[in-house]
Amino acid sequence: MIEHAFRGSKKYWSWLLFLALIILAGFYFYMRQFSYGLGITGMSRNVSWGLYIAQFTFIVGVAASAVMVVLPYYLHDYKAFGKITILGEFLAISSVIMCMLFVFVDLGQPFRVLNIFLYPTFHSLMFWDVVALTGYLVLNVVITRVTLAAERNSIPPPKWIRPIIIISIPWAISIHTVTAFLFAGLAGRPFWLTAVLAPRFLASAFSAGPALLLLLCLLLRRLTNFDAGEEAIKKLGLIITYAMCVNVFLILMEFFTTFYSHIPEDAAHMQYLYFGLDGKARLAPWMWTSAILAIVSLAILLVPRARRNHRTLIVACIAVFLSIWIDKGLGLVITGFIPSPFGKVIQYWPTLPETLIAAGIWAIGVFFITIFYKMALSIRSELEA
Amino acid sequence: MSISRRTILKLAGLTALGVTAENYASAHAGSTTAKILSKAVGAGKRLTKSNLQQKVRLAMVVDLRKCVADQGCTKCIDVCNKAHNIPDFGDSKDAIKWIWKEPYENAFVDQENFYMRDEFRNKMVPVFCNNCDNPPCVEVCPTQATFQRPDGIVMMDWHRCIGCRYCMAACPYGSRSFNWRDPRPFIRDINPDYPTRMKGVVEKCTWCDERVDQGLLPLCVEACPEKAMVFGNLNDPNSEVRQLLKDNFSVRRKPGLGTSPEVYYLV
Ligand code: SF4
Ligand code: SF4
Ligand code: SF4
């Protein structure tokens, strides 16, 4: 199976080379971080989690979103997704790998990471998050291997894989729920202390993830002879529309409770995020960009004609993805720390090494997606030939 | 509330923390607890068996009416920094702080009070880890590198900490510091009797557990020229802390979060 990853056009190889260069740059800066310490990042005593954990949170969502194609296909026998479930699962695998790397580079003592398993601590949500992610990775590796092998031999997949696939559905929900609990259970951080956090995580995941998948499908159609099928594209567009509506709705709910109750500790964070506090508003322009992107995306998605037109659909998908990337991959985690427990506004911005390490991890993820998709599509075109 | 929560966790077999605590107790209880108790019970009273069996819950009282931090006193901070090998990064983003001063309005951020006694406006307050009775930092730590002793002190195991900083996100008081870089070059004179830390681990005030174990008071308590800080066993009705709390009005930082902070400020 893996041999397909080693055969490819010039374009394929130069793309991988390009990614490898970014990975190398990231690795170089990680080595610098490793010797200097996390002080190389923009994080501080007050904002003690930054880009790494924020990106981790965003990507867990992308990983979980595979369920949006797996569920209709396996539970409702929705045939149109037959061709893309494997793409969703490979996207999940690549995303989980990125998640783990983002947690890893965030550790002050990375060599001690196994302490999480050596001293399992059941009252720590971080323990459960690691368990959930590892389990999800294993599930998806098994599922993709078995289904792809069956496909290559033109036989139906073995019966025992079905229960495993069914388990992977609630498991996907659980990885993002537990990730939300990581934040939502902290009494001292009112910005995260909301029951709507997990639902919001899921809604944003189920819009950003499928948006990425849809973009990938359309890209593959241009680059290769793979065609996801018009019906699958349409359905994905619909899923994105519903999920994005729920996501925006939940964000507005947060606005209402925070600002109508105007409890100072709660409101201060939102205030900082969107309007600035004490004259400091580093995240506000980003958040308004995110808000405008969300409005643009909904303006397209909610009009059936615009949604069906691939050109506008692509714009909508990019808008959804970027909007949520800003909201979750930047604003949500950082703002939990601003203002500080002492009510002081101490801002954060990632440094260049930090950004490049994050870019390196993204490149690793894209690298994996590329070779996984290459494998899956080569096997298919071989069968068709 | 805090008690029932922990009891439930224990009943469910969920608290591996319990194991740590018990091991710790069996290893250290004899000498330590006895000494603290003899202190807490007070001079002139004999240390009896029932005293010994009494559960110890250590606590700190800071009398803000006596503290002269706003007049430039930094005695408690200085002794602590020196004894515990605290590096000096200035007030940069890498700063390590165990005990330091905050303006009243920042230390008691949820007690916004536009009109208040003049001497408390802009008053400086010594702040440090509350060694909470129901510490969220212990609850979230994935490795039990942060754990609670039976006498209530919340401890740090610098050899186990993976530097995930979940405890920093969980602490509502900003009591924890992370070693963003190697602290050793920034320590003025290293005290060989106390460990230095490495980069990548979290640290905080532990009420001088190393001294408490020898029956001594925390350094800041001892150093305060105004006798503004008092340390003792909250479970002993005759202890000085209990007497002070009985006779004076006290406040704690963010008591509404249920963490049960064990530093009481007399205003
Ligand atoms: S003050 Fe913070 S660090 Fe100290 S015990 Fe309480 S929660 Fe933990
Ligand atoms: S940084 Fe260390 S002490 Fe804090 S939660 Fe992580 S492992 Fe525990
Ligand atoms: S030593 Fe005493 S008077 Fe001085 S700052 Fe500390 S508590 Fe206040």
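Lettering follows sequence order; numbering is per chain, from 1.
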Item to check | Qualifying residues under side-chain contact (heavy atoms from CB on, under 4.5 Å), relative to A/S44, sequence neighbours excluded | outcome: A/N46, A/V47, B/K93
Checklist entry - What option among A/G185, A/S124, A/A187, A/G336 has the most heavy-atom pairs under 4.5 Å with chain B? => result A/S124
Checklist outcome for this item: The reported gap from CD in B/Q144 to OH in A/Y119 (rounded to nearest 0.5 angstrom) is 9.0 Å
Next on the checklist: For the OH atom on B/Y264, are there more than 12 heavy atoms of other groups (residues, nucleotides or ligands in this structure) within a distance under 6.0 Å?
Outcome noted: yes
Next on the checklist: Can you tell me which portion of A/F181 sits under 4.5 Å from chain B's heavy atoms? Options are side chain, backbone, both or neither.
Outcome noted: backbone
Item to check | Pairs of heavy atoms under 4.5 Å with chain A: top-ranked of B/V201, B/V202, B/V140 | outcome: B/V140
Checklist outcome for this item: Looking only at B/P136, B/C171, B/S175, B/C141, most heavy-atom pairs under 4.5 Å shared with chain A are made by B/C141
Checklist entry - If you count the non-hydrogen atoms of other residues, nucleotides and ligands that lie under 6.0 Å from CZ in B/F89, is the total more than 12? => result yes
Item to check | B/R188 atom CZ: more than 12 heavy-atom contacts under 6.0 Å | outcome: no
Checklist entry - For A/Y52, is it the side chain, the backbone, both, or neither that has a heavy atom closer than 4.5 Å to a heavy atom of chain B? => result neither
Checklist outcome for this item: By residue number, those in residues 189-201 of chain A with heavy atoms under 4.5 Å from heavy atoms of chain B are A/R189, A/W192
Item to check | Between B/I96, B/D94, B/V109, the one whose heavy-atom pairs under 4.5 Å with chain A are most numerous | outcome: B/V109
Next on the checklist: Are A/P341 and B/K254 packed together at the side-chain level, in the sense that at least one heavy-atom pair is separated by less than 4.5 angstrom?
Outcome noted: yes
Checklist outcome for this item: Output for pair (A/M126 CE, B/I162 CD1), nearest 0.5 Å, gives 6.5 Å
Item to check | Spatial distance of atom CG (A/N115) from atom NE2 (B/H159) [nearest 0.5 Å] | outcome: 12.0 Å
Checklist entry - Counting heavy-atom pairs under 4.5 Å to chain A, which of B/C161, B/S177, B/A169, B/P103 comes out on top? => result B/A169
Item to check | Which atoms of B/R253 approach chain A - backbone, side chain, both or neither, heavy atom under 4.5 Å | outcome: side chain
Checklist entry - Excluding sequence neighbours, so at least two apart, what forms ring-ring contact (aromatic ring centres under 6.0 Å, His included) with B/Y166? => result A/W49
Item to check | Atom CH2 of B/W158: over 12 foreign heavy atoms under 6.0 Å | outcome: yes
Checklist entry - Non-hydrogen atoms of chain A under 4.5 Å away: do they reach the side chain of B/S92, the backbone, both or neither? => result neither
Next on the checklist: Nearest 0.5 angstrom please: B/L257 CG to A/E265 CD, how far?
Outcome noted: 8.0 Å
Checklist entry - Which answer fits A/F337, side chain, backbone, both or neither, if we ask what part of it has an atom under 4.5 Å from a heavy atom of chain B? => result side chain
Checklist entry - Under the 6.0 Å and 45° cation-pi test, does A/R45 pair with B/F178? => result no
Item to check | Engaged part of B/K97 at the chain A interface, taking heavy atoms whose separation is under 4.5 Å | outcome: both
Checklist outcome for this item: Looking only at A/V103, A/V130, A/L182, A/L118, the option with the highest number of non-hydrogen pairs under 4.5 Å against chain B is A/L182
Next on the checklist: Heavy atom to heavy atom, less than 4.5 Å: which residues from residues 342-355 of chain A reach chain B?
Outcome noted: A/F342, A/G343, A/K344
Item to check | Flag for B/R165-A/S48: side-chain donor and acceptor within less than 3.5 Å | outcome: no
Checklist entry - At a heavy-atom separation under 4.5 Å, does B/V127 approach chain A through its side chain, its backbone, both, or neither? => result side chain
Item to check | A/S35 backbone acceptor or donor facing B/K199 side chain under 3.5 Å | outcome: yes
